[in-house]
Amino acid sequence: MPELPEVEVTRRKIAPHLVGRRIVEVLTTKPSYFFVTKPAALAKALAGKRVEALTRHGKYLLAVLDDEQRLLLHLGMTGQLFTAGVTSPRLLSSTKGGALTPEAQAAGFRPDKHTHLEIRFSDEGPTLYFRDTRKFGKVELLAKAASSKRLEKLGIDALSATGADLYRAAKKRRIAIKTVLLDQGVLAGVGNIYADEGLFVTGIKPTKRADKVTAAQCDALVAALQKVMLRSIETGGSSISDYVQPDGQDGGYQNERRVYARKGEPCSVCRTTIKRTVLATRSTFYCPSCQK
DNA sequence: AGACTAACCTGAAAGC
DNA sequence: TGCTTTCAGGTTAGTC
């Protein structure tokens, strides 16, 4: 679910609770697809390490440890990072499905069956939790100086990219421009919502062949993607289905999106009905009149 | 190499 | 009410 803006909001809110603290204990659920590094190895390697920094590249978070190992985190579709004591009706009700008693509200979040990673620290501060309902997320420990196949495949971070970066990739592809935007090897961090939003702002149809998109259009597209994503970060990201910020609050960008998940609604510019189609097996929303 | 599909999971919402 | 189908902010292994 989370794209670059949601991951960046998560990074900014989690970093103060993580950086500078020493890990004492790591609890996990049983081995699964979610754990690239096996839970037992993870727990053993992390114990006693201090976290030096929390960085982001595309949709990946990287916790840098004091022994130069790095913990790679990906939120997948439903991943959430937050700290103990967080209280929010949405987060709490999602863990039990019922009405909130005052006692539950006061107690805050408790790890549930979807909480796969719990990191405890040597100080009195809160425990860090990684919860992920669908387990499409990833946890991988990268040894000192080891390269990571996942990171190496990424293109330039979408917020640092230029139109030329996109044009270089687009001009040799005979597929839909939206599919190129979703390719993490081109602009890392762009996902389904922001691809649709950026294309709408630029007036380009998602199905337009990538090699037919001009250099000037690529410039405009990258600028639009960056403007939209920076605004989303400012407002706390998009809370459309599962996403909540690490402090339990909903983001605000879902209220500003122009086309994503607005099938049947009038276009904000020309009032034409927004259409939904499927592209690269993903839902795609666009205005048939504004986007050519 | 580039282009597509199926698969990894769980749960909410829509459809009948 | 209840059973079935559809859908979901992602990535990757496998096939042509």
Side-chain angles (χ1 to χ4, degrees), chain A residues 1-10 29-36 56-61 72-81 90 93-98 112-116 131-140 148-155 158 169-199 207 209-211 225 228-229 232-233 235-245 250-257 259-264 276-285:
Chain A
M1 91 181 98
E3 306 180 30
L4 187 153
E6 292 74 32
V7 177
E8 177 61 16
V9 169
T10 298
T29 51
K30 65 180 201 291
S32 71
Y33 190 75
F34 178 84
F35 292 105
V36 177
R56 181 190 60 74
H57 187 359
K59 299 171 194 169
Y60 286 92
L61 288 173
L72 189 67
L73 304 171
H74 193 291
L75 302 180
M77 289 278 265
T78 52
Q80 308 170 302
L81 283 181
R90 193 146 163 212
S93 63
S94 76
T95 68
K96 54 193 290 273
D112 62 354
K113 65 175 177 176
H114 300 301
T115 307
H116 299 294
R131 181 172 186 272
D132 184 3
T133 305
R134 289 175 74 184
K135 288 193 281 189
F136 285 178
K138 290 278 178 285
V139 179
E140 179 177 16
S148 159
K149 209 174 71 181
R150 290 167 206 278
L151 287 180
E152 281 172 359
K153 278 167 47 178
L154 296 181
K171 70 181 177 189
K172 56 186 177 192
R173 305 273 235 127
R174 308 168 65 86
I175 55 176
I177 183 64
K178 181 181 171 183
T179 309
V180 177
L181 294 182
L182 293 177
D183 184 343
Q184 299 301 295
V186 180
L187 306 182
V190 179
N192 210 28
I193 295 177
Y194 300 100
D196 279 5
E197 295 297 313
L199 286 162
T207 49
R209 253 177 60 165
D211 57 353
L225 286 167
V228 164
M229 290 194 292
S232 182
I233 292 168
T235 58
S238 297
S239 293
I240 291 172
S241 139
D242 299 278
Y243 181 75
V244 292
Q245 299 182 63
D250 275 0
Y253 198 76
Q254 66 280 5
N255 302 320
E256 300 191 17
R257 90 208 119 90
V259 287
Y260 183 82
R262 290 205 186 279
K263 176 189 171 185
R276 174 186 183 270
T277 186
V278 175
L279 191 52
T281 73
R282 315 294 304 279
S283 264
T284 297
F285 302 89

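Throughout, a chain's letter reflects where its sequence line sits, starting with A, and its residues are numbered from 1.
- Between the NE2 atom in H116(A) and the OG1 atom in T29(A) there is a gap of 5.0 Å [rounded to 0.5 Å].
- Look at CD1 on I240(A): it is 15 Å from C1' on dA12(B), rounded to the nearest Å.
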Which dot-bracket string fits DNA chain C when only Watson-Crick or G-U wobble pairs with both atom distances under 3.5 Å count, crossing pairs get [ ], and | stands for a partner on a different strand? .|||||||.|||||||

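- Taking atom P on both nucleotides, dG11(B) is separated from dT12(C) by 24 Å, rounded to a whole Å.
- Q245(A) has its side chain out of reach of S239(A): every pair of non-hydrogen atoms, C-beta onward, lies at least 4.5 Å apart.
- Counting non-hydrogen atoms under 4.0 angstrom, F34(A) reaches nothing in the nucleic acid.
- Separating the CD atom of E3(A) from the C1' atom of dA8(C) is a distance of 12 Å, rounded to the nearest angstrom.
- Summarising the geometry, the separation between CG on L279(A) and P on dT5(B) is reported as 11 Å, rounded to the nearest angstrom.
- Backbone-only engagement by T133(A) is indicated by non-hydrogen atom pairs under 4.0 Å involving sugar-phosphate atoms exclusively.
- When the P atom is compared between dC3(C) and dC9(B), the two are found 26 Å apart, to the nearest whole Å.
- In this structure a side-chain-to-backbone donor-acceptor pair under 3.5 Å is present from E6(A) to E3(A).
- Nucleotide dA8(C) holds its C1' atom 13 Å from the CG atom of D132(A), rounded to whole Å.
- Among the nucleotides dA3(B), dA8(C), dC8(B), the one closest to any side-chain atom of S283(A) is dA8(C).
- Taking side-chain N and O atoms only, H114(A) has a distance below 4.0 Å to OP1 or OP2 of dG11(B).
- With R262(A) contributing its side chain and R257(A) its backbone, the two residues share a donor-acceptor pair below 3.5 Å.
- Separating the CZ atom of F35(A) from the C1' atom of dC9(B) is a distance of 14 Å, rounded to the nearest angstrom.
- Within the 4.5 Å cutoff, no side-chain heavy atoms of D132(A) are placed close to those of L75(A).
- The residue R276(A) sits close only to the backbone: its heavy atoms come under 4.0 Å of sugar-phosphate atoms, none of a base.
- The separation between D183(A) atom CG and dC4(B) atom C1' is 14 Å, rounded to whole Å.
- Contacts of I175(A) with the nucleic acid, taken as non-hydrogen atoms under 4.0 Å apart, involve only primed sugar atoms and P, OP1 or OP2.
- You'll find a donor-acceptor pair under 3.5 Å spanning the side chain of R134(A) and the base of dA8(C), going by distance alone.
- Checked by atom type and distance alone, the side chain of S232(A) never pairs as donor or acceptor with a backbone atom of Y253(A) at under 3.5 Å.
- A straight line from NZ of K30(A) to C1' of dC9(B) spans 12 Å, rounded to a whole angstrom.
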Please produce a list of atom pairs where a protein N or O lies less than 3.5 Å from an N or O of nucleotides 11-14 of chain C.
unit_1	atom_1	unit_2	atom_2	d
dT11(C)	OP1	H74(A)	NE2	2.7
dT11(C)	OP2	K59(A)	NZ	2.9
dT12(C)	OP2	K153(A)	NZ	3.1

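- In this structure the side chain of K178(A) never reaches within 4.5 angstrom of the side chain of T207(A), judged on heavy atoms.
- For the pair A280(A) and S32(A), nearest-nucleotide mapping onto DNA chain B gives the more 5' position to A280(A).
- Judged purely by atom type and a 3.5 angstrom limit, D112(A) uses its side chain to pair as donor or acceptor with the backbone of T115(A).
- Note on S232(A): nothing from the nucleic acid sits closer than 4.0 angstrom, heavy atoms only.
- For Q80(A) and dT10(B), the CD to C1' distance is 13 Å, given to the nearest whole Å.
- In this structure, F136(A) counts as stacked on the base of dC8(B) under the 5.5 Å centre distance and 30° plane angle limits.
- Electrostatic pairing of R56(A) and E8(A) counts as a salt bridge here, judged by a charged N lying under 4.0 Å from a carboxylate O.
- A cation-pi arrangement is absent between K138(A) and F35(A) under the rule of less than 6.0 angstrom and at most 45 degrees off the ring axis.
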